[in-house]
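Read through the structure below, which is laid out as structure tokens, and then see the notes.
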Amino acid sequence: MAEITAQQVQALRAKTDIPMMDCKKALVEAGGDETKAIEILRKRFADKMTDRADKEAANGRIGVYADGRAGALVEVRCETDFVANNEHFTALANELAAHVAASGVTEVEALKASRMPNGRTAQDLVVDAFGKLKENMNINRAGRLTGACAGYVHHNGKVGVVIACDRDPGEAGRNVCMHIASTGLILGLRREDVDAALVREARERAAEEARGKPPQILEKIVNGKMEKWYQERVLPEQPFVMDDKKSVGDYAREHGFTIQAYLKYEVGGRK
């Protein structure tokens with residue numbers, strides 16, 4: 001049996017961030033071959049992940065990536081908030097988001113099987129993170145926008161946003177993403193995007209509230225109520241969270257861009 005030195009164990013530990021004893025056992029099994037030891041560790045932790053698959057992965061975080069060509073969000077689930085805020089888990093989520101932005105792969109099973117630039121699969125990254133953190137974890141969903149993008153993730157990692165614009169939005173784009181992250185109700189980018197059934201219900205409700213008013217002003221009252229209703233729900237028309245004297249659309253135009261698409265994920269939200 002090959003003698004395993006402390007230096008070999010430390011080198012494998014530095015590459016994998018996996019506990020020393022696990023590294024030593026893998027090196028012993030691999031006869032001192034580091035590459036084989038890494039594969040042994042990956043297989044071992046993949047098996048352990050399967051054993052923990054019944055553990056509910058109710059927590060997690062949103063990975064975010066954005067550049068001048070694309071932006072992406074990935075929701076990665078884990079068991080506890082402690083792991084969700086761990087630096088290794090954060091790095092995993094963001095690396096997966098960068099991969100989605102570059103590859104265009106958003107279907108979860110295809111994403112898991114897709115290969116990173118170094119030849120490893122996205123699922124290999126998840127398995128490596130499991131080896132460090134020892135919690136059930138999985139990729140829950142992924143989305144991508146194309147164009148000049150900006151992104152933002154809330155400090156707790158639970159809410160992430162990307163926007164696509166007609167030109168580079170710079171820091172102002174990140175501020176718009178912060179607005180979207182903090183806003184609970186957005187129904188579209190344009191009035192015509194809003195579900196017609198919701199518009200009809202809102203107009204009927206406005207008419208009911210104005211019932212009894214003189215016919216000559218009834219329509220004005222209803223239209224005024226609908227104007228406010230749209231301004232509360234259509235993203236570019238909403239009062240900008242950082243300066244409610246202007247709309248989100250006005251803020252964007254002041255900084256030389258228009259918003260063409262947006263994507264918002266919350267941990268535990270609908271796919």
Side-chain angles (χ1 to χ4, degrees), residues 62 64 66 68 70-73 75 106 141-156 158-271:
I62 307 299
V64 178
L73 299 178
E75 180 184 2
T106 57
R141 55 178 167 160
R144 180 177 183 263
L145 300 177
T146 57
C149 290
Y152 168 78
V153 61
H154 195 53
H155 65 84
N156 63 4
K158 303 295 187 187
V159 182
V161 175
V162 290
I163 60 171
C165 307
D166 60 340
R167 59 194 57 167
D168 181 8
E171 185 65 19
R174 183 175 184 276
N175 291 338
V176 170
C177 290
M178 290 177 67
H179 169 93
I180 296 170
S182 67
T183 303
L185 183 61
I186 302 174
L187 298 182
L189 272 176
R190 294 164 292 276
R191 293 189 178 190
E192 52 268 33
D193 294 338
V194 181
D195 189 312
L198 294 177
V199 174
R200 186 168 55 252
E201 289 172 8
R203 182 168 286 278
E204 289 171 355
R205 188 162 53 250
E208 178 63 26
E209 291 170 355
R211 189 171 59 175
K213 299 294 184 181
Q216 63 270 26
I217 66 168
L218 180 62
E219 188 66 17
K220 287 185 178 180
I221 292 173
V222 171
N223 288 342
K225 287 178 177 290
M226 288 304 298
E227 191 73 15
K228 182 178 179 183
W229 187 86
Y230 277 118
Q231 289 170 359
E232 291 172 346
R233 291 163 174 80
V234 176
L235 175 59
E237 299 186 36
Q238 291 180 329
F240 184 46
V241 71
M242 295 181 180
D243 181 358
D244 61 9
K245 299 292 190 299
K246 63 184 68 172
S247 69
V248 172
D250 288 339
Y251 175 80
R253 283 188 289 273
E254 285 177 7
H255 289 83
F257 67 93
T258 58
I259 307 159
Q260 297 186 320
Y262 70 93
L263 187 63
K264 178 180 179 179
Y265 278 4
E266 297 184 49
V267 172
R270 291 183 300 173
K271 290 190 178 182

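A quick note: this is a predicted structure, and the numbers were derived from the prediction, not measured.
- Contacts of R211 classified as salt bridge (charged side-chain N to carboxylate O under 4.0 Å, His left out), with partners at least two apart in sequence or in another chain: E208.
- Annotation for I221 and A210: closest pair CG2-CB, 3.7 Å, computed over non-hydrogen atoms.
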Would you give me the side-chain donor-acceptor pairs under 3.5 Å for residues 172-187, sequence neighbours excluded?
unit_1 : atom_1 : unit_2 : atom_2 : d
N175   : ND2    : Y251   : OH     : 2.9
H179   : ND1    : V241   : N      : 3.1
H179   : NE2    : T183   : OG1    : 3.4
H179   : NE2    : Q238   : OE1    : 2.9
S182   : OG     : M178   : O      : 3.2
S182   : OG     : H179   : O      : 3.0
T183   : OG1    : H179   : O      : 2.6

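- Residue pairs satisfying the side chain to side chain donor-acceptor pair (under 3.5 Å) criterion with at least one member in residues 214-226, sequence neighbours excluded, are listed as follows: R203-N223, E209-K225.
- Scanning for salt bridge (charged side-chain N to carboxylate O under 4.0 Å, His left out) contacts around E266 gives K264, with sequence neighbours left out.
- With sequence neighbours excluded, the residues satisfying side-chain hydrogen bond (donor to acceptor under 3.5 Å, both in side chains) with H154 are Y152.
- Qualifying side-chain contact (heavy atoms from CB on, under 4.5 Å) partners for A164, counting only residues two or more places apart in sequence or in other chains: L145, C149, A261.
- In this structure, the side chain of Y262 does not engage the main chain of L235 through any donor-acceptor pair within 3.5 Å.
- Note that CG of L73 is 6.0 Å distant from OH of Y265, once rounded to the nearest 0.5 Å.
- For the atom pair D195 CG and R233 CZ, the distance stands at 12.5 Å (nearest 0.5 Å).
- Annotation: side-chain hydrogen bond (donor to acceptor under 3.5 Å, both in side chains) contacts of R253 (sequence neighbours excluded): D250.
- Under the side-chain hydrogen bond (donor to acceptor under 3.5 Å, both in side chains) criterion, D193 pairs with R190, not counting sequence neighbours.
- For P236, the side-chain contact (heavy atoms from CB on, under 4.5 Å) partners at least two apart in sequence or on another chain are L189, V234.
- By the salt bridge (charged side-chain N to carboxylate O under 4.0 Å, His left out) test, E227 is found to be paired with R191, residues two or more places apart in sequence or in another chain being considered.
- The nearest pair of heavy atoms linking L263 to R144 is CD2-N, 3.9 Å.
- Judged as a side-chain contact (heavy atoms from CB on, under 4.5 Å), and not counting sequence neighbours, the contacts of D244 are P239.
- Take D166 and apply the side-chain hydrogen bond (donor to acceptor under 3.5 Å, both in side chains) test, not counting sequence neighbours, and it matches T258.
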